[in-house]
Amino acid sequence: MNMAKWRSYLPLATLILLMIVGSLLSDKFLTYANLMNLLQYSAESALIAVGMTLVILTGGIDLSVGSVVALTAVVSANTQHLGVWGILAVVILIGALVGALNGVVLTKFRVEPFMATLATMAIFRAVALWYTNGGPIIGTVTPAFSNIANGSLLGIPLPAVYVVVVFILGYFVLNRTPFGRHVLAVGGGEETSRLFGIKVERVKVIVYIISGVLAALAGLLITSRIGMGEPRSGFQFELVAIAVVIVGGTSLTGGRGTIGGSFIGLLIFAVVMNIMNLLNISSFVQPIVRGLIIILAALAISRMVKSKSAAAEAS
Amino acid sequence: MDNVILKLDGISKQFGNHYALKDINVNISEGEFHAIVGENGAGKSTLIKILSGVHLPSEGNVHFKGQSVKFLSPYMAQKSGVSTLFQEIQEIPALSVAENIYLGREPQKGSLLQWKTLYKEAGELLNNLDIKIDPYKKMEELSISERKMVEIARAVSFNAELLIMDEPSANLNEDELAVLFKTIAELRKRKVTIIYISHRLREIFAMADRVTVLRDGQHVKTMDIKDTDEARLVQLMIGRELNEYYPVNTEQIGAKVLEISDLNVPELLHNVSLSLNKREILGIAGLAGSGGNILTKVLFGLVKGYSGKMVLDGKPFVPRNPRQCIADGIAFVPEDRKTQGLFLNLSVRTNMSITSLRKFRTFGLISEPKESRQANELVQQLSVRPKNIKAPIRSLSGGNQQKALIGRWLLDKYKILILEEPTRGVDVGAKMEIYQEINKLLSQGLSLIMVSSELPELLGMCDRILVFSGGTITGELQRDEASEEKIMEYALQEVK
C-alpha cells in the first residue's frame, strides 16, 4: 500500500485512537448512554456537514448555514399553530429558497461562493434578529414539536437516528445517483464538465438548495431541543461544519472527498468535545482544541498532496 | 472525390480587428485521414475550435454530412458526431476511467446509477478497441498515452464519425506512440474520418491521405500527401526561406562563461556536464520531462538538493535562490509567461523595472522619472506595442508581453539569459521580431540558453543544441549538423 493510500485511512485511525484514549481517561466514556449522548448532540452539525460536504465537493463553500439555522429556529417557534407537518413544510421551503438564492447569486451573477454566502450569512442573521426584535421566542413550543428532538425510537434518542439517516441519504445521493457523480465532476473540473454536457450551473444550484434545506432542518431541531426560538442559535455552525468536512479528508478545492469521511470527521470532533466535557475542561478551551485539530488535519492533507504530486512528477 | 463529410465554406474568424482565420475552403471526404499543418499562430487551433463548437465562425459555413451546422458547444458537436481531442486532456482526474467515459450519460434506472452496467459497458468498449486499460482505475493513475486512449474511447462511445485530434502525439514516447497509432488504425477500420494536427511531419507522411497547410490564418494549399515532401511542406508552412526567418548569429563566439560538471539532482538529472561560451546561443531540446528545464531551474536557484560543480566567469557558482542568481548575473524568462513571468495587473513599466528597482532609487525611494525614462527607451528599442509604459501588461498581445519580459533583463548587466519557450503562443510576425531581439542581445555580450519544444526554432537560432532524455544529455549537435530527425533520435533515446 502506498503512502497516499495509507494516509486516506488517517481520519479513521485518529478516531479509533481517540476512542481508546477516551476510554482510558474516563470509565464513563464507553457507555451506551454516553455514546448516544455524543451522537444525539451532533445532530445539527451532522445535517449541516452533509450539505457542506456536497457544496465543498463542487468546489464551493456555504458560509450562510449558521444564519439559516437562526432563521428557521425563530420561524419554527413562531409557526407552532401549523402543527408539526406544517412547520416542517415551512422550514423546508425556507431552506430551499435561501439555498436557491445562494445558488442563483453565485451562478447567474458569477459571485465567488465565499463572497455570495458571506453576504447572505450577514443578511439571514439580521433577518432572524429583526424578526424577533433581538430576543428569543419563548413559551410557544407544543409537546408534539418538542418530541422531534427529545423523543426516542426503540430506546434510541431521535436526533441520533437523524444523524445516521442523513449520512446514509448523503452517501446514497453522492454514490448512487448520476447527480452525485456530477457533483464530483464539477469540483474536479468545471470546464471539462461543461464540455461533457453536464449542466454545471444546475448542479451547483441544487447543491446549495440541499445545503440550505439541511441547515433549515437543523434550525427546527434546535428550537425543538431547547424549547424556544433563539435568533442567536447556529452561531459559527458554518465553521464547525467546514472543519468536520476538512478533517474528514475532503479537499477544499473540490472534486475529492467522501460522505463517509465527513461522518468520521464529525465523530472525531464529537469524541474530543465529549472527552473534554467528561474531564470538566472549560467550554472556552474547547474551540482552541477544535482549532488545533483543524491545523493538524491541514498538515496531514498538505503532506498528502505533496507526496502525491511528488509521485506524479517522478512517474 | 468520394462522399464529402465536412465542407468548410469560406470560414473566417475575427477577434477584434485581427483575422485569426480568413476564408478557409476545404472539403474532407468520408473516411479520410486529413492532416492540418502550420506554424504556431497559423490558425490551426482557431479552426479546431470552430469545428468542435468552442467558437462560431464570424463568416462562412460549416457543412457536416451535407447540412449546414452551427455547433454552440463541444457537447453539441459531439452529439452530432464530431468529437475533438484537445491538446489538454479533458478529464476528471479523481474519477475512474469508466466514469470519465460515460460522464453526463451514466446508465441509470429511475434516478439510480447502474454501477455494474457502467463498468461492463466501459470494459466492452475498451476491449472492442483493443485498449488494455482497467475501467476501474482512476484517470490520475494512468500515463498520458493511456489517458489519450480513454478520450478516444469516449469519442467512439459517442459514435463519432469525425474525430479531430490536436497534437495527440505530443509528449508521448515511442512505445506510447505505437499504442496511439494502433488505436488510430482501428478507428480507420471503422471508417472514422480523422482530422489530425501535428508538428511531427514524419507521422503525417506515414498516415495522412491529404494535408492542408495554413499560414497566418490563410489557407495556403490542400494537396495529396503523395504529391509533396517534407522540405516543400516546411517551406509552405513558413512561407519564406528558412534563413530569412531566423537571423544568423554573426557575433564572434568568445571564451567560456559557464562550465557545469557532473550536475545531479536526485531522480531528475544525472551527470550533466556542459559549457557555454560568450555570445553563444545554446539550445536545449528534449521531450517534456526529459530534464532540460530542470537544468535551467537549477541555474536560477529554484532547485534544492543538487550536487555538482559550476563555474561562472571563472568564479565558483552555487545557486541557492533566484535573488542570489540574479545578483550573480543570471537572467531568466520562464516558460509560462502568465503565471511565472508577469504581474498581469501591473503596468508595462512596473513589470520591466521590478528586478532592477535599486537602479531607480533616490534617497531610498523609487524615482518615477528615472524609471519611466528607462522603460520608455526599452519600449522603443524592443518595439513593444502599444508604446505606453503605463498600460497594464495584461492588455498586450502575447508577443509584446514576451518582448517586455525580455526587456526586464536589459535594464541591468547580466552574463547569461535563460529563455524558456521564448515564442510560445506568439503570432508569426511577433516571433520574427523576438528572434531579431534575441540576436541583438548577443552583441551586448550576453550568452543565451534557449529551451524550446519547437524544433525549427532551435535549429534556426542556436549555435549548438544539447538534447536531453531521461534527465541526462544524450546528444550534442553543432549548428551545421543538426536536424529534426537527429534531435528526435537523441530525444527518444532510452536511458536506463
Side-chain angles (χ1 to χ4, degrees), chain A residues 1-5 8 56-59 169 171-203 206 210 249-258 261 301 304-315, chain B residues 49 52-54 72-79 83-86 88-96 98-116 118 138-144 146-147 151 154-155 157-158 265-268 288-289 291 293-294 303 471:
Chain A
M1 193 161 17
N2 62 28
M3 204 61 177
K5 260 214 170 107
S8 67
I56 289 180
L57 282 175
T58 63
L169 279 178
Y171 175 86
F172 205 75
V173 167
L174 188 62
N175 296 286
R176 290 300 180 80
T177 65
F179 171 75
R181 296 294 91 180
H182 298 172
V183 166
L184 288 170
V186 168
E190 221 175 292
E191 275 318 303
T192 307
S193 301
R194 209 164 271 135
L195 223 54
F196 282 14
I198 291 172
K199 297 189 176 88
V200 173
E201 277 68 33
R202 210 185 77 166
V203 170
I206 293 177
I210 293 176
T250 294
S251 154
L252 263 184
T253 51
R256 264 171 231 280
T258 59
I301 289 165
M304 214 184 306
V305 171
K306 246 186 224 160
S307 66
K308 210 169 229 177
S309 59
E313 226 156 75
S315 71
Chain B
K49 283 180 178 161
S52 61
V54 176
L72 299 175
S73 72
Y75 184 64
M76 186 173 160
Q78 195 155 42
K79 278 202 299 191
S83 282
T84 306
L85 263 64
F86 294 97
E88 286 277 301
I89 295 175
Q90 300 301 326
E91 58 173 357
I92 307 291
L95 295 184
S96 72
E99 286 172 292
N100 267 279
I101 292 176
Y102 291 107
L103 194 63
R105 305 169 295 149
E106 297 84 352
Q108 52 190 96
K109 200 183 253 173
S111 57
L112 288 190
L113 213 149
Q114 301 298 108
W115 279 109
K116 267 197 195 133
L118 175 72
K138 287 193 175 165
M139 285 301 273
E140 60 196 358
E141 296 170 47
L142 303 181
S143 70
I144 298 178
E146 288 176 316
R147 288 151 66 203
E151 272 200 294
R154 181 177 163 81
S157 78
F158 268 100
V265 179
E267 291 185 17
L268 296 172
N293 56 353
I294 303 293
V303 175

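Note that the structure is predicted; figures quoted are calculated from it, not measured. Proteins get letters first, then strands, A, B, ... in listed order; numbering begins at 1 in each.
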Got a salt bridge between A:Arg194 and A:Glu190, using NZ or NE/NH1/NH2 to carboxylate O under 4.0 Å?
->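 Counted as a salt bridge, because a side-chain N and a carboxylate O are separated by less than 4.0 Å.
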Under a 4.5 Å heavy-atom cut-off, does chain B meet the side chain of A:Ile198, its backbone, both or neither?
->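 Interface part for A:Ile198: side chain.
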By a 4.5 Å heavy-atom criterion (distance strictly below it), what part of A:Phe179 contacts chain B: side chain, backbone, both, or neither?
->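 A:Phe179 has no heavy atom closer than 4.5 Å to chain B.
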Name the member of B:Gln78, B:Met76, B:Gln90 that forms the most heavy-atom pairs with chain A at distances under 4.5 Å.
->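 Heavy-atom pair counts peak at B:Gln90.
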Checking heavy atoms, do the side chain of B:Phe158, its backbone, both or neither come under 4.5 Å from chain A?
->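 Neither part.
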Atom group of B:Ser111 that falls short of 4.5 Å from chain A, counting heavy atoms =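 Contact with chain A: backbone only.
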Residue pair A:Leu184 / A:Leu174, side-chain heavy-atom distance below 4.5 Å =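 Answer yes - side chains close enough.
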Side-chain contact test, heavy atoms from C-beta onward, threshold under 4.5 Å: evaluate it for A:His182 versus B:Glu106 and give yes or no.
->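 Yes, side chains in contact.
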Please name all residues satisfying side chain to side chain contact (heavy atoms under 4.5 Å, CB included) with B:Gln114, sequence neighbours left out, ordered by chain then number.
->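 Partners of B:Gln114 by the side chain to side chain contact (heavy atoms under 4.5 Å, CB included) criterion, ordered by chain and then number, come out as B:Pro107, B:Lys109, B:Leu112, B:Thr117.
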Between A:Arg181 and B:Tyr102, is NZ or CZ placed under 6.0 angstrom from the six-membered ring centre and within 45° of the ring axis?
->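 No, a cation-pi geometry is absent between A:Arg181 and B:Tyr102.
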Pick whichever of A:Gly189, A:Gly180, A:Ala185 has the most heavy-atom pairs under 4.5 Å with chain B.
->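 Most heavy-atom pairs under 4.5 Å with chain B: A:Ala185.
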